[in-house]
Amino acid sequence: MANETPYNIDKELCELALDNAPRVFAVTVQYDVAPGVPDGEIAAWGLAYSDGIARVVTADGRHRLSLKSPERAAWWFGRRDNITARLLWFGAPSAPTFQPVQAA
């Protein structure tokens, strides 16, 4: 029997996590505090899943939304006059690692 490479469950799980990880985004809003003086903030944080669904929580943690798409989150937070909402996407993780978990 030839030398077989042992099955590496950690590698398999890391690849599975990378392939299925939701994408992280922030919903930013921009508005004028005075004519010609813009300001902005992070309105919410979200996770976009492969089926298109977005789960969003407001930056203050008070409200949670389940929406049909991340773009719908931008619409939701930008629907008031003089507010511009945009999605700010974070890159996918590239090197997941296992970390020990301590009992709480």
Side-chain angles (χ1 to χ4, degrees):
M1 186 177 218
N3 277 344
E4 292 183 24
T5 304
Y7 181 68
N8 185 337
I9 187 65
D10 287 355
K11 181 179 181 219
E12 182 74 21
L13 290 172
C14 286
E15 289 173 2
L16 184 64
L18 282 172
D19 290 344
N20 293 287
R23 292 185 64 201
V24 177
F25 64 92
V27 180
T28 64
V29 292
Q30 183 177 328
Y31 45 86
D32 286 340
V33 292
V37 182
D39 198 3
E41 60 190 57
I42 303 297
W45 294 98
L47 294 174
Y49 294 89
S50 61
D51 63 359
I53 298 295
R55 306 278 190 238
V56 180
V57 61
T58 55
D60 63 11
R62 292 183 181 179
H63 303 284
R64 289 172 170 59
L65 303 167
S66 180
L67 302 164
K68 292 182 180 182
S69 70
E71 292 76 20
R72 192 72 177 158
W75 173 85
W76 180 264
F77 288 94
R79 68 188 192 279
R80 295 187 314 231
D81 289 341
N82 303 317
I83 300 278
T84 301
R86 296 184 291 169
L87 299 177
L88 178 62
W89 291 97
F90 289 78
S94 60
T97 58
F98 282 99
Q99 303 236 337
V101 177
Q102 296 180 0

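Source: prediction; values computed, not measured.
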Enumerate donor-acceptor pairs with a distance under 3.5 Å from any side-chain N or O in residues 34-52 to protein atoms, sequence neighbours excluded.
unit_1 : atom_1 : unit_2 : atom_2 : d
Glu41  : OE1    : Tyr31  : OH     : 2.9
Asp51  : OD1    : Ile53  : N      : 3.1

For residues 71-89, which side-chain N or O atoms pair as donor and acceptor with protein atoms under 3.5 Å away, sequence neighbours left out?
unit_1 : atom_1 : unit_2 : atom_2 : d
Arg79  : NH1    : Trp76  : O      : 2.4

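Using a 4.5 Å cut-off between side-chain heavy atoms of Ile, Leu, Val, Met, Phe, Trp and Tyr, with links allowed through other members, Phe90 and Val29 fall into different hydrophobic clusters. Note: the hydrophobic cluster containing Phe25 also contains Leu67 (ILVMFWY, side chain heavy atoms under 4.5 Å, direct or indirect links).
Considering all non-hydrogen atoms of both residues, Ala54 and Pro70 come closest at CB-N, 3.7 Å.
Residues that satisfy the side-chain contact (heavy atoms from CB on, under 4.5 Å) test with Asp60, not counting sequence neighbours, are Thr58, Arg62.
Atom CG of residue Asp10 and atom CD of residue Glu12 lie 10.5 Å apart, to the nearest 0.5 angstrom.
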